[in-house]
Amino acid sequence: EDSPINQRQLQSLLTKQGYHVTVANHGKEALAKLEFLRPDLILLDVVMPEMDGLTLCHLLKGDPVTREIPVIFISSLDHTTDKLSGFAAGGVDYITKPFHPSEVMARISTHLHLRLLQRQLAENNLQLAEEKRRSEALLRNVLPAQVAQELMERGSCSPQHFAEVSVCFVDIVHFTDIAALLPPEVLISELNTLFTAFDRIVEGQQCERMKTIGDAYLFAAGIPEPRPDHRRRAALAALEMLDYLEQRNQQADQQWQVRIGLHSGPVVGGIVGTRKYLYDIFGDTVNIAARLQELSRPMCINVSAAFREGLEQEFDFSCPLEVEMKGKGLQATCFLDGRR
């Protein structure tokens, strides 16, 4: 405002109502002060020297820092086109001179309240975005990435049939007996250490941890995205688990051993549950992998003939056997000893 009389009148009126007021004589001066000030609201005359109000308002609305500050024009120009120009420049209201003090205060109060509501809405939106990010991160932690993405986009995930998947069961030897001798916090800490290491190995081989069942650890290769080298990836992951345990047992107070079973074949994968999501796999392939683990030896990897297929050039196998498997009759198995 370039009129000293209007400046004093507005400043006195606003100060009495408890507002802190900063005065500028023209647009350029206001722009300079806005480098250091962030007012809650701007009262702006249209006709001023140096820089008029419309130009200043255009500049404010073009700057992300000052864009959200509400601008109320107070001007002696009262033609409809003048008011439209003010709104087009980005003003939220337009008051004509001579103004009535109660009208000015009412409009200022209204727009400050709206500004407060906008800030609260922006804060709520940020909180909602953060909650959404956390929820999505949690889904990605408990579900395969592709499945989590489909669930977030569609709200559901269709079951899928996978023609060729390698399934691995890992079970800790004598876990129940050892668990009875350990304090609960030590037991959980040990399991957390082991399974965290297994997760790292499985992820490194581009396999997918499906779930843990007590002390049993189940992972698969070739799901939810099919891959031609699923057998090789599962074999490398299983061997790395044994290497990890052997190295850990040389230094750790508590010694652990595992039995591992590996089988390849078709499975069905899908989300089970509507309130607590669990992505699981089903079929004979899973059952056979579990029975191979039961028939394995401590710190050995028991594999089926279906799993061994195509791996003889890279891996060594020993002790070929035909074993009676519950519900499956005689099955050819052998132990995966390592890479050649």
Side-chain angles (χ1 to χ4, degrees), residues 165-179 182 187-223 227 229-265 281 285-286 288-321 323 325 331-340:
V165 172
S166 289
V167 178
C168 182
F169 260 97
V170 184
D171 190 68
I172 300 176
V173 178
H174 301 311
F175 175 81
T176 302
D177 297 334
I178 298 173
L182 295 177
L187 176 64
I188 296 301
S189 176
E190 289 288 306
L191 277 178
N192 183 61
T193 300
L194 294 181
F195 288 168
T196 299
F198 290 173
D199 284 344
R200 184 185 68 252
I201 292 168
V202 165
E203 184 177 349
Q205 290 299 336
Q206 299 176 359
C207 302
E208 192 74 42
R209 194 268 287 266
M210 304 310 302
K211 61 181 175 180
T212 58
I213 312 165
D215 61 306
Y217 185 99
L218 171 65
F219 77 86
I223 190 171
R227 54 182 311 134
D229 62 343
H230 60 90
R231 292 180 179 84
R232 179 176 182 274
R233 290 292 181 178
L236 291 173
L239 289 169
E240 282 189 48
M241 288 179 175
L242 293 186
D243 289 341
Y244 162 76
L245 285 174
E246 288 172 353
Q247 293 177 20
R248 186 179 186 274
N249 287 341
Q250 294 175 9
Q251 301 175 346
D253 295 332
Q254 180 60 54
Q255 311 291 298
W256 296 105
Q257 293 184 317
V258 294
R259 284 188 298 264
I260 299 179
L262 274 166
H263 180 56
S264 296
I281 51 177
T285 301
V286 181
I288 292 172
R291 287 165 189 162
L292 285 165
Q293 173 271 127
E294 294 168 359
L295 295 169
S296 187
R297 301 171 185 168
M299 298 302 283
C300 288
I301 304 169
N302 195 21
V303 305
S304 65
F307 180 82
R308 179 177 177 175
E309 182 180 334
L311 296 179
E312 292 89 346
Q313 298 299 316
E314 184 176 355
F315 297 92
D316 285 325
F317 297 89
S318 65
C319 303
L321 297 170
V323 297
M325 190 174 292
Q331 295 288 321
T333 68
C334 59
F335 290 112
L336 169 62
D337 294 331
R339 300 183 73 176
R340 289 195 172 184

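When reading the values below, keep in mind they use all heavy atoms of this one structure, side chains included, and skip hydrogens, waters and symmetry mates.
Side-chain contact check for Leu245 versus Val258: some heavy-atom pair is nearer than 4.5 Å. Side chains of Cys168 and Ile260 form a contact here, defined as non-hydrogen atoms less than 4.5 Å apart. Counting heavy atoms from C-beta on, the side chains of Val167 and Ile281 come closer than 4.5 Å. Contact of the Ile301 side chain with the Ser296 side chain is not registered, since no non-hydrogen atoms from C-beta on lie closer than 4.5 Å. Between Arg248 and Leu194 there is a side-chain heavy-atom pair separated by less than 4.5 Å. At least one side-chain heavy atom of Arg340 sits less than 4.5 Å from a side-chain heavy atom of Asp316. Side-chain contact check for His230 versus Ser264: some heavy-atom pair is nearer than 4.5 Å. With a 4.5 Å cut-off on side-chain heavy atoms, Phe335 and Asn302 count as touching.
Rounding to the nearest 0.5 angstrom, the gap separating the SG atom in Cys319 from the CZ atom in Arg297 is 5.0 Å. Separating the CD atom in Gln205 from the CG atom in Leu236 is a distance of 4.5 Å, to the nearest 0.5 Å. Note that CD1 of Ile201 is 5.5 Å distant from CD of Glu240, once rounded to the nearest 0.5 Å. Here the CD1 atom belonging to Ile178 is positioned 5.0 Å from the CD atom belonging to Gln254, to the nearest 0.5 angstrom. The distance from the CG atom of Leu311 to the CG atom of Asp229 is 10.0 Å, given to the nearest 0.5 Å. Distance check: Arg209 CZ to Arg200 CZ gives 13.5 Å after rounding to the nearest 0.5 Å.
Ring planes of Phe198 and Tyr244: perpendicular class, angle over 60° (limits at 30 and 60°).
Looking at Asn249, its side chain does come within 3.5 Å of a backbone N or O of Trp256 through a donor-acceptor pair. Within the 3.5 Å criterion, the main-chain N or O of Cys207 finds no donor-acceptor partner in the side chain of Arg227. Using a distance-only test at 3.5 Å, with no hydrogens or angles considered, a donor-acceptor pair links the side chain of Gln255 to the main chain of Ala252.
Residues forming a side chain to side chain contact (heavy atoms under 4.5 Å, CB included) with Glu203 (at least two apart in sequence, or on another chain): none. Scanning for side chain to side chain contact (heavy atoms under 4.5 Å, CB included) contacts around Glu314 gives Arg232, Arg339, with sequence neighbours left out. Take Ser318 and apply the side chain to side chain donor-acceptor pair (under 3.5 Å) test, not counting sequence neighbours, and it matches Asp337. Partners of Ala234 by side chain to side chain contact (heavy atoms under 4.5 Å, CB included), not counting sequence neighbours, listed by chain and number: Ser166, Phe219, Ala221, Leu262, Phe307. Taking the side chain to side chain contact (heavy atoms under 4.5 Å, CB included) definition, one finds that Ala179 meets it with Phe175, Leu187, sequence neighbours left out. Residues that satisfy the side chain to side chain donor-acceptor pair (under 3.5 Å) test with Thr333, not counting sequence neighbours, are absent from this structure.
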Practice task
Let me see the working for Glu246 and Asp243 under side-chain contact (heavy atoms from CB on, under 4.5 Å), right down to the final yes or no.
Solution key: CA-CA 5 Å; Glu246 288 172 353; Asp243 289 341; 4.0 Å; yes
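Here the closest non-hydrogen pair linking Met325 and Ile288 is SD-CG2, 4.0 Å.
The side-chain contact (heavy atoms from CB on, under 4.5 Å) with Arg259 is formed by just one residue from the set Val170, Val173, Leu292, Ile172; it is Val173.
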